[in-house]
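Every chain is numbered from 1 and lettered A, B, ... according to where its sequence line falls, protein lines coming before strand lines.
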Amino acid sequence: AQKITQTQPGMFVQEKEAVTLDCTYDTSDPSYGLFWYKQPSSGEMIFLIYQGSYDQQNATEGRYSLNFQKARKSANLVISASQLGDSAMYFCAMRGVRDNFNKFYFGSGTKLNVKP
Amino acid sequence: NAGVTQTPKFQVLKTGQSMTLQCAQDMNHNSMYWYRQDPGMGLRLIYYSASEGTTDKGEVPNGYNVSRLNKREFSLRLESAAPSQTSVYFCASSGDRLDYGYTFGSGTRLTVV
């Protein structure tokens with residue numbers, strides 16, 4: 001079975017600073033994908049970034065980057081130059097090729113508050 | 001606009017009433033899902049459908065039924081609503097590639113009184 005752990009229920013960051021949101025995962029699947037989603041207070045779920053287990057480089061999308069450490073089974077989201085609009089819940093998720101490809105496993109989320 | 005459309009956006013039910021949440025996607029995705037999200041919590045899978053004509057239980061299926069009407073549509077039915085089913089419900093769909101994440105609907109905020 002797969003499991004996603006987000007150990008930071010809530011975090012604060014000063015505007016314009018960088019912040020790292022932690023995500024660790026447990027899987028025996030040799031091939032898998034890792035995702036981060038943002039949920040602002042308005043409630044919609046927004047896809048941010050994807051990392052494949054066989055990708056050689058860490059994924060980047062604008063101010064978002066994924067610090068992927070395969071041996072440690074961690075996939076931390078780094079947000080550079082935080083903005084007030086980054087205040088939201090952030091969820092880490094994964095899907096495996098072998099272990100029920102059609103199911104995503106979500107972490108419990110981290111609530112990020114950006115202070116002006 | 002391509003995406004996942006959920007209706008209704010808000011609903012208030014009395015205990016014991018029934019209702020169906022509708023979901024449709026126009027991205028030709030095979031897989032569709034229903035999740036619930038309780039306040040301050042993550043997403044819990046209710047049911048999913050890997051392809052037209054198939055459905056499977058997720059973590060919290062009790063009290064719900066689903067229908068995969070065709071490739072586009074996946075509905076969730078509450079036969080006899082209970083206050084414990086007060087939640088925000090999300091429909092999602094996904095393609096068949098590993099790097100395809102979920103595309104989520106905008107959610108249905110359901111209150112059972």
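- Side-chain contact between F104(B) and E44(A) is absent, with no heavy-atom pair separated by less than 4.5 Å.
- Residue contact with chain A, scored on non-hydrogen atoms closer than 4.5 Å, involves the side chain of Q37(B) exclusively.
- Here Y102(B) and F104(A) bring their ring centres to under 6.0 angstrom of each other.
- Distance CG/D56(B) to NZ/K103(A): 8.5 Å, rounded to 0.5 Å.
- When each of Q39(A), K111(A), Q51(A) is checked for heavy-atom pairs under 4.5 Å with chain B, Q39(A) comes out on top.
- When the side chains of ILVMFWY residues are joined at heavy-atom separations under 4.5 Å, either directly or via intervening members, M32(B) and F47(A) end up in two distinct hydrophobic clusters.
- Most heavy-atom pairs under 4.5 Å with chain A, from the set G101(B), S49(B), S51(B), G58(B): that is G101(B).
- Counting heavy atoms from C-beta outward, R44(B) and F106(A) have side chains that stay 4.5 Å or more apart.
- Neither Y48(B) nor Y105(A) shares a network with the other; the hydrophobic side chains, linked directly or stepwise wherever heavy atoms of I, L, V, M, F, W or Y lie under 4.5 Å apart, form separate groups for each.
- Within the 3.5 Å criterion, the main-chain N or O of Y100(B) finds a donor-acceptor partner in the side chain of R95(A).
- Among the residues in residues 53-90 of chain A, none has a non-hydrogen atom closer than 4.5 angstrom to a non-hydrogen atom of chain B.
- In the hydrophobic cluster analysis, where Ile, Leu, Val, Met, Phe, Trp and Tyr join through side-chain heavy atoms closer than 4.5 angstrom, Y33(B) is grouped together with F90(B).
- In the hydrophobic clustering of ILVMFWY residues, with side-chain heavy atoms under 4.5 Å counting as a link, L78(B) and V12(B) come out apart.
- In the hydrophobic clustering of this structure, M11(A) groups with V13(A); members are Ile, Leu, Val, Met, Phe, Trp, Tyr whose side-chain heavy atoms approach within less than 4.5 Å, directly or through other members.
- If you measure heavy-atom distances from L98(B) to chain A, the contacts under 4.5 Å come from both the backbone and the side chain.
- At a heavy-atom cut-off of under 4.5 Å, chain B is reached by S31(A), Y32(A), G33(A), F35(A), Y37(A) from residues 20-37 of chain A, listed in order of number.
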